[in-house]
Structure formats: C-alpha cells, structure tokens
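For reference, the structure is listed below as structure tokens.
Each chain gets a letter, A, B and so on, in the order its sequence line appears, and its residues count up from 1.
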There are 2 protein chains.
Amino acid sequence: MPAARERRVGSRIQRQVMQLILDRRLRPGEPMPTETELMETLEVSRNSVREALKALQALDIVEIRHGHGTYVGEASLTPFVDGLTFRTLARGGWGSPRSASGGDTQALGEILQVREVLEEGLIRRVAESLDDHELAELEDVVRRMEASGRAGDAFPELDREFHEKLYRSLGNALVPQLLAAFWNVFHTVAGARGWTKDPAPAVTARRHRDILTALRARDVEQAQRAMADHFRGIEARAWQETLGVK
Amino acid sequence: MPAARERRVGSRIQRQVMQLILDRRLRPGEPMPTETELMETLEVSRNSVREALKALQALDIVEIRHGHGTYVGEASLTPFVDGLTFRTLARGGWGSPRSASGGDTQALGEILQVREVLEEGLIRRVAESLDDHELAELEDVVRRMEASGRAGDAFPELDREFHEKLYRSLGNALVPQLLAAFWNVFHTVAGARGWTKDPAPAVTARRHRDILTALRARDVEQAQRAMADHFRGIEARAWQETLGVK
DNA sequence: TCACATTTGTCCGTATGTATG
DNA sequence: TCATACATACGGACAAATGTG
C-alpha cells in the first residue's frame with residue numbers, strides 16, 4: 001500500500017495523513033478530520049499531528065483555517081514558487097555593491113531560459129488551434145497594453161494575462177500554473193533586487209502585438225520568432241539592470 | 001525587509017527563519033541555530049519553532065537530523081515532485097476497476113506534454129554545442145540500453161541518465177532538476193498504477209539511438225524529430241496501459 | 001563497552017484566540 | 001451575551017538518536 005514507499009526522512013504521520021486523503025478520496029476544499037480525531041486514529045499526540053499538518057500545509061496539501069478547521073488543499077505550485085524564489089535569493093549572496101552579479105543572476109537567467117523554451121514550443125502547438133473568440137480576447141489584452149504603454153506605465157498583470165489566455169486552448173491545466181510559477185519567481189526576485197519596472201512599456205506592448213499578428217495570420221514560424229524576440233527583450237533588460245545602472 | 005511580502009498564512013516564524021538564512025548568508029549544508037537558540041532569539045516557544053522548522057523541512061529549506069542538529073537544506077525540487085505526485089494521485093480517484101481512466105490519466109498526459117515541449121526545445125539548443133566527449137558519454141549510455149534491450153530488460157535509470165547527460169552542456173542547473181522532477185512524478189504515478197515496465201525496451205533503445213545519430217550528424221531538425229518520436233512512443237505506451245490490458 | 005552531553009522527537013496539561021450559532 | 005468547537009501557543013517533562021571521551 002505504500003504509494004510512495006519510505007520517505008527519506010519525512011515523518012510517518014505525514015505519509016499517513018496523505019494516504020488518508022487518498023483513501024477517503026477527499027477533494028480540495030473538503031474538511032479534514034480535526035486534530036483531535038487525527039491524534040486518536042493515528043494514536044499520536046496533538047503536537048505530532050500539528051507538526052505533520054504544518055508540513056503538509058507548506059506543501060499546500062492541506063489548508064488550515066484558524067478557529068475553523070483543516071481542509072484539503074489545492075496542491076498548487078505555490079510551494080514550488082516559494083522554494084524556487086528562496087533558492088534564487090539564497091544562492092547569489094547579493095554580490096558586491098558595484099557589479100551586482102552573483103549566482104542569483106545566473107539562476108534568474110536559468111529560469112528565463114526554461115520559460116523561453118517552454119513558451120516557444122507551446123506557441124507552436126497553440127498557433128493552429130486558436131479560435132476567433134480567443135484571438136479577440138488576446139486583442140483586448142494587447143489593446144490595454146498599448147494604452148498603458150502610451151501612458152508610459154508598466155503592465156506586469158496584463159503580461160501575465162496575455163500568456164495565460166494564450167495557452168488556455170491547450171486544455172493543459174499544468175501549463176498555466178507552471179508559467180505563472182516561473183513568472184512569479186522572476187518578478188519577486190527582480191522586485192527584491194529593486195529593479196525598476198519595465199522602462200519601455202511601449203516596446204513590450206509592441207512585442208505582444210507582433211505575436212498576436214503572427215497568430216492571426218496562422219503563421220507558426222513567425223509566431224515563434226515573435227515570442228523569441230519577446231524573450232530577447234526581457235533578457236536584455238535583465239542584463240542591463242544587472243550590470244549596474246547609473 | 002520583507003523580501004517576499006505577507007505570506008498568505010505562513011507563520012511569522014517561518015519567514016523569520018528564512019530571513020535568518022538569507023541575512024547570515026548560510027549555504028546548504030551549514031548548521032542552523034539549534035531549536036533552543038531559535039526560541040531565544042525569536043522569543044517563542046520550542047513547539048512553535050519546531051512547527052516552523054517542520055514546514056521548512058517540507059520545502060527542503062532546512063534539513064533536520066535527529067540527535068545531530070538542523071542544517072540548511074538544498075532547496076531542491078523534491079517538494080515539487082512530492083506535491084505534483086500527490087496531486088496526480090489525488091485527482092483521478094483511481095477510476096473504476098475496468099476502465100482505469102480518470103483525471104489522473106489526463107494529469108499524467110499534461111506532465112508528459114510539458115516534458116515533451118521542454119525537451120524538443122532544449123535539444124535544439126544543445127545539438128550544436130555537444131562536444132566529442134559528451135557524444136561519447138551518450139554513446140556509452142545508448143550501448144548499455146541496447147544491451148539491456150536485447151536481454152528484454154527495461155532500463156529506467158539509463159533513460160534518466162541519457163536525458164541528464166544530454167543537457168549538461170547547457171550549463172543550466174535548473175533544467176536537469178526540472179526534467180528529473182517530471183520523470184520522477186511520471187514513474188512514481190505509473191508505478192502506483194501497477195503499470196508494467198517498458199514492454200518493448202529494444203524499441204526504446206532504438207529511439208535513443210536515433211536521437212544520438214542525429215546529434216552526431218549535427219542535424220538539429222532530425223534530432224528534434226527523433227526526440228518527438230521518442231515521446232510519441234511513451235504516449236502510446238501510456239495510453240495502451242490505461243485502456244485496460246489483457 | 002560505557003557513560004555523558006547535546007540535540008531533536010514526542011507527549012501532557014493548560015490557557016488563549018477565533019469563528020459559528 | 002453566551003456556549004461550543006476548533007486551532008494557536010506556551011511551558012515542562014521525558015524518550016530517542018548521535019557524537020565524544
């Protein structure tokens with residue numbers, strides 16, 4: 001019955017609680033047994049139960065609401081985001097004041113490369129299957145980008161929205177979550193570095209317009225190139241920020 | 001100071017311990033303060049400290065060794081693997097005995113698609129930069145695959161090794177970890193489903209041989225096609241298993 | 001082999017905060 | 001306002017694992 005056998009160090013209780021969710025076929029949002037019930041069925045103390053639940057909460061496998069109860073979690077990718085963010089921040093060591101380059105800059109580049117490979121491959125698969133409704137939605141997002149760009153305002157949320165809508169027709173629930181995860185890590189770390197927001201939002205809006213134009217024309221190759229250009233722009237910006245501004 | 005702003009529910013202590021690692025620039029493997037020290041510096045009880053540490057342990061941000069001490073963790077992707085595995089197992093609900101199809105089969109397909117997109121894109125970037133030494137290493141792996149295939153034995157570990165060596169020259173530390181994560185999730189779930197091992201290892205070995213041949217010829221397009229064929233084979237196998245055997 | 005100190009693991013009892021009715 | 005049910009937090013105690021002399 002051990003779905004995954006011996007956890008390397010993870011507590012027995014932790015596995016038992018996971019197994020309990022699987023056995024009872026509990027769905028996200030459904031209530032878990034209370035701590036008291038768990039300590040009786042598992043025959044351990046309240047403290048041990050709590051420690052296990054805390055660990056599972058960190059993995060978003062359960063959700064604990066104070067004064068209310070414990071519920072089955074979404075098992076989302078937020079632990080992945082937190083972990084990757086922390087790792088990126090912890091690696092670099094901030095670098096010296098001048099050349100701010102450190103291991104973190106490299107780590108950020110690695111994340112960007114994975115995102116780039118993913119999106120360049122994904123846009124090929126989605127380029128043919130986009131229907132008029134989805135194209136219209138993307139058009140709407142790009143219009144708002146352009147308006148924001150003319151005003152000189154950055155639009156990180158619109159950027160997020162564009163890429164999410166773009167891949168919706170894939171029917172792959174993992175893809176948007178993964179991309180959102182990378183996006184979150186990148187922007188959180190960039191924010192912690194004090195990077196300025198997109199200095200040239202009009203250019204970024206233009207990149208998205210190019211992608212949309214290629215998609216409308218059903219030109220797979222051009223769409224991929226446009227996506228690549230988009231990332232080239234992000235990389236250039238990241239490098240510029242890293243190599244010391246003024 | 002809040003590198004990442006208000007954690008959605010995460011305890012204050014948890015963030016403080018993470019911040020402590022960042023502030024003191026502690027590297028993976030270095031010792032953390034003992035629980036006693038932490039409860040003094042953070043002015044909380046030992047139970048609270050332990051719960052926070054348990055959560056951080058689940059994220060592989062710290063590593064706890066009984067009777068020895070607490071150490072800074074690798075912040076690896078194992079939490080990601082565990083979470084994704086659990087999520088996949090928890091979604092499907094096992095399905096009915098006969099048609100074993102469920103949401104889990106779809107989730108498995110989604111994971112496979114992401115891996116496929118990633119590897120097809122990555123092999124393009126690596127096809128030109130592989131040197132003779134790396135090609136020789138791959139040759140060695142493929143030879144062992146072929147030997148194992150002739151004996152009719154499956155070779156999951158060699159498969160893993162091939163894909164890992166393939167992307168080493170990228171210099172991107174995140175890539176092999178991500179791929180290993182997907183690989184682990186896929187095989188753990190497949191194992192829990194009781195799927196048989198690769199029923200035709202000789203064919204799988206042949207797929208890898210094709211990839212290597214294309215790489216030797218520096219034929220980027222052909223390498224990508226060979227990689228795509230490889231995944232086509234995996235998908236076919238997965239579908240076959242799902243739709244009831246015997 | 002034998003203590004011994006250090007550190008984490010587990011448990012108990014109690015008090016407090018929070019949401020529901 | 002009150003009662004109930006639940007999670008949160010604390011302090012103290014002892015058990016178990018590990019390393020050292």
Side-chain angles (χ1 to χ4, degrees), chain A residues 6-21 24 26-75 78-79, chain B residues 6-21 24 26-76 78-79 82:
Chain A
E6 213 61 37
R7 254 309 168 282
R8 62 192 187 299
V9 57
S11 72
R12 174 181 55 93
I13 307 171
Q14 206 168 317
R15 283 184 292 113
Q16 284 177 302
V17 174
M18 285 194 282
Q19 197 61 47
L20 182 146
I21 297 177
R24 302 192 183 178
L26 296 179
R27 298 288 159 174
E30 289 191 70
M32 293 278 298
T34 67
E35 293 181 350
T36 316
E37 287 174 308
L38 283 177
M39 58 184 281
E40 284 167 358
T41 65
L42 302 182
E43 294 181 312
V44 290
S45 79
R46 168 177 249 95
N47 230 319
S48 304
V49 169
R50 286 187 54 74
E51 287 177 6
L53 287 181
K54 274 282 187 179
L56 293 179
Q57 179 187 237
L59 297 175
D60 197 22
I61 285 177
V62 305
E63 186 189 340
I64 306 178
R65 286 202 284 254
H66 189 144
H68 200 246
T70 308
Y71 299 81
V72 179
E74 303 279 345
T78 42
Chain B
E6 209 62 36
R7 253 314 166 277
R8 58 193 190 297
V9 57
S11 69
R12 175 180 55 94
I13 307 170
Q14 206 167 319
R15 284 184 291 114
Q16 284 177 302
V17 174
M18 285 194 281
Q19 198 59 47
L20 182 146
I21 297 177
R24 301 192 184 177
L26 296 179
R27 298 288 157 174
E30 290 191 71
M32 294 278 298
T34 67
E35 293 179 353
T36 316
E37 288 174 307
L38 282 178
M39 57 184 280
E40 284 166 358
T41 64
L42 302 183
E43 295 181 310
V44 289
S45 77
R46 190 159 97 99
N47 269 334
S48 303
V49 169
R50 284 186 55 76
E51 286 178 9
L53 288 180
K54 273 283 187 178
L56 293 178
Q57 179 187 235
L59 297 174
D60 197 23
I61 285 177
V62 306
E63 187 189 339
I64 307 178
R65 286 200 284 248
H66 190 164
H68 201 243
T70 308
Y71 299 81
V72 179
E74 304 278 346
S76 69
T78 41
D82 292 348

query = Contact class for B/T70 (heavy atom, under 4.0 Å): base, sugar-phosphate, or nothing?
reply = sugar-phosphate

ask   = When you check the phosphate oxygens OP1 and OP2 of D/dA5, does a side-chain N or O of A/T34 lie under 4.0 Å from one of them?
value = no

ask   = Just by distance, with hydrogens left out, do A/Q16 and A/R12 show a side-chain donor and acceptor under 3.5 Å apart?
value = yes

inquiry  = Which is more 5' along DNA chain D, the nucleotide nearest A/T36 or the one nearest B/H68? Just name the residue.
reply    = A/T36

ask   = Could you give the distance from CG (B/N47) to CZ (A/R50), rounded to the nearest 0.5 Å?
value = 8.5 Å

Interatomic distance where CE belongs to A/M32 and C1' belongs to D/dC6 [whole Å] = 15 Å

query = What nucleic acid atoms does A/R65 come within less than 4.0 Å of, heavy atoms only: base, sugar-phosphate, or nothing?
reply = sugar-phosphate

ask   = Is any N or O donor-acceptor pair between the side chain of B/R46 and the base of C/dT10 shorter than 3.5 Å?
value = yes

message = Just the rounded figure in Å: distance from P of D/dA9 to CD1 of B/I13.
response = 6 Å

key: Nearest-nucleotide 5' precedence on DNA chain C, A/G67 against A/E51   = A/E51

query = Do you know the tightest heavy-atom contact between B/L26 and B/P31?
reply = CD1-O, 4.3 Å

request  = Check whether the side chain of B/N47 and the base of D/dG11 form a donor-acceptor pair under 3.5 Å.
outcome  = yes

inquiry  = By the 4.0 Å heavy-atom rule, please label B/H66 as base, sugar-phosphate, or nothing.
reply    = base

